[in-house]
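Below: one structure, written as C-alpha cells.
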Protein chains: 2
Amino acid sequence: MENEKRADATCEQELTAIRDSVEILGGKWKLRIMRHLNNHISETNTFKKIQREVDGISAKMLSKELQELETNLLVTRKVLDTRPVTVKYAITEYGLSVFPVTETLVEWGLNHRQKIK
Amino acid sequence: MENEKRADATCEQELTAIRDSVEILGGKWKLRIMRHLNNHISETNTFKKIQREVDGISAKMLSKELQELETNLLVTRKVLDTRPVTVKYAITEYGLSVFPVTETLVEWGLNHRQKIK
DNA sequence: ATTATCAGTTAACTAAAGGTTACCGGTTAC
DNA sequence: GTAACCGGTAACCTTTAGTTAACTGATAAT
C-alpha cells in the first residue's frame with residue numbers, strides 16, 4: 001500500500017520527466033540539428049551552413065529550433081565579428097548529455113525494424 | 001573521406017531509427033498507457049478500467065493508441081467471455097523492451113529540471 | 001546604383017495531433 | 001420495454017507543428 005503510493009507518486013514525476021524530454025528533444029528537427037552539430041563539432045557551424053547541410057530545413061524552423069535549444073542550454077549562439085555578420089552555433093558540454101538518450105532510441109528503433117518486418 | 005561517408009550513412013540510419021522510435025512511442029498517450037499496463041501487470045486491464053485510470057484519456061484516443069501498440073506487438077488484446085463483453089489488454093514480453101528507453105528519458109528529464117531551474 | 005550575402009522575421013497557409021459529442025450493437029438487470 | 005454497462009466508432013472541431021514565400025537591415029563587392 002505504501003509501496004503503491006510511492007510508485008504512483010514517482011509514476012507522475014516520471015511521466016512529467018518523459019513529457020519534458022519529448023517536448024525538448026522531440027519534433028522533426030531538434031535531434032537532427034543536435035546530431036549535425038555533434039558530427040561537425042570541430043567546424044564553425046554558421047546559420048547558413050547548418051541550413052545547407054541539415055536536409056530540408058527552412059530558415060524559420062532552424063531559427064526557432066536553435067532558439068529553443070539555446071534556452072535549454074543545449075547549444076550556444078555566438079555572433080562573429082565578420083562581414084557580413086555570421087553567427088556560430090555550437091553544442092554545449094551539457095548538450096552532449098542528450099546522446100546517451102538518443103543512443104537508446106536508436107537501438108530500440110533499429111531492433112524494432114528487425115522485429116516488425 | 002571514407003570515414004565520412006560511413007558516418008553519414010549510419011547517421012541516416014540512426015535518424016530513421018530515432019524517427020521510428022518517436023513515431024511508435026511518442027505522442028501524448030502511448031508511454032502513459034504502457035507504464036500503466038506495466039504498473040498494473042498482475043491485474044485484468046479492461047478498456048474501461050484503463051480509461052478510468054489513465055487520467056484524461058478519451059475512448060477514441062485510447063482505442064486508437066491501443067490498436068497502434070498492438071500492431072507494433074507491444075500489447076495484446078483479448079476478448080473475454082463475460083457479459084457484457086470485456087476486453088483485456090496486456091503488455092507483451094517484447095513490450096517490456098521499451099522500459100530501458102523510457103528510463104533514459106526519465107533520467108534525462110529529471111536531471112534537466114534540476115539543470116534549468 | 002545594383003546586386004549579393006548573412007541572419008534572421010513575418011504572414012499566410014497546410015497538415016497532423018488531439019478533443020468532444022453523439023451514437024452503435026450486444027447483453028443484462030429492473 | 002427501458003435503462004445501464006461495455007467496447008468501441010464517426011463526424012466534427014480546435015490546437016499545435018511545420019511549410020512556403022516574401023521581406024528586413026546591415027555590409028560589401030561590381
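Convention: sequence-line order gives letters A, B, ...; per-chain numbering from 1.
- Rounding to whole angstrom units, CD of residue A/Glu65 and C1' of D/dT19 are separated by 13 Å.
- Rounded to whole angstrom, the span from the CG atom of B/Asn45 across to the P atom of D/dG7 amounts to 11 Å.
- Nucleic acid contact for B/Ser58: base, since at least one base atom lies under 4.0 Å from a heavy atom of the residue.
- With contacts defined as side-chain heavy-atom distances shorter than 4.5 Å, the pair A/Lys88/A/Glu43 does not qualify.
- Proximity note for A/Trp29 (side chain, C-beta onward) versus C/dA7, D/dG7, D/dT19: the nearest is D/dT19.
- Within the nucleic acid shown, A/Lys28 comes within 4.0 Å of sugar-phosphate atoms alone, with no base atom in reach, counting heavy atoms only.
- The closest donor-acceptor contact from the side chain of B/Arg113 to the backbone of B/Gly109 lies at 3.5 Å or more, if one exists at all.
- Both A/Thr82 and A/Ile57 lie near DNA chain D, and the one whose nearest nucleotide falls closer to the 5' end is A/Ile57.
- Using a 4.0 Å heavy-atom cutoff across all strands shown, A/Gln67 reaches sugar-phosphate atoms only and no base atom.
- Distances shown here put every side-chain N or O of A/Tyr89 at or beyond 4.0 Å from the OP1 or OP2 atom of C/dC6.
- Taking atom CG of B/Leu66 as the reference point, atom P of D/dG8 lies 8 Å away to the nearest angstrom.
- Look at CZ on A/Arg19: it is 15 Å from C1' on D/dT16, rounded to the nearest Å.
- Atom CG of A/Leu62 is separated from atom C1' of C/dT9 by 13 Å (rounded to the nearest Å).
- When rounded to the nearest whole Å, the span between CZ of A/Phe47 and P of C/dG8 equals 6 Å.
- The A/Arg52 side chain lies nearest to C/dC6 when the options are D/dG8, C/dC6, D/dT27.
- Remark: side-chain polar atoms of A/Thr46 are not paired, donor with acceptor, to backbone N or O of A/Thr86 under 3.5 angstrom.
- Among the nucleotides D/dA11, C/dC6, C/dG8, the one closest to the side chain of B/Lys60 is D/dA11.
- The distance between atom NZ of A/Lys88 and atom P of C/dG8, rounded to the nearest whole Å, is 15 Å.
- For A/Thr46, counting side-chain heavy atoms from C-beta on, the closest listed nucleotide (C/dA7, C/dG18, C/dG8) is C/dA7.
- Here D/dT9 is the nucleotide among D/dT9, C/dT9, C/dC6 with the atom lying nearest to any side-chain atom of B/Ser63.
- Taking every side-chain heavy atom of A/Arg83 into account, D/dT27 is the closest of D/dT27, C/dA7, D/dG8.
- Place A/Gln51 and A/Pro84 on DNA chain C by their nearest nucleotides, and A/Pro84 ends up nearer the 5' end.
- Using a distance-only test at 3.5 Å, with no hydrogens or angles considered, no donor-acceptor pair links the side chain of A/Ser63 to the main chain of A/Ala59.
- Atom pair A/Glu23:CD and D/dT16:P shows a separation of 11 Å (rounding to whole Å applied).
- Checked against a 6.0 Å centroid threshold, the rings of B/His40 and B/Tyr89 do not count as neighbours.
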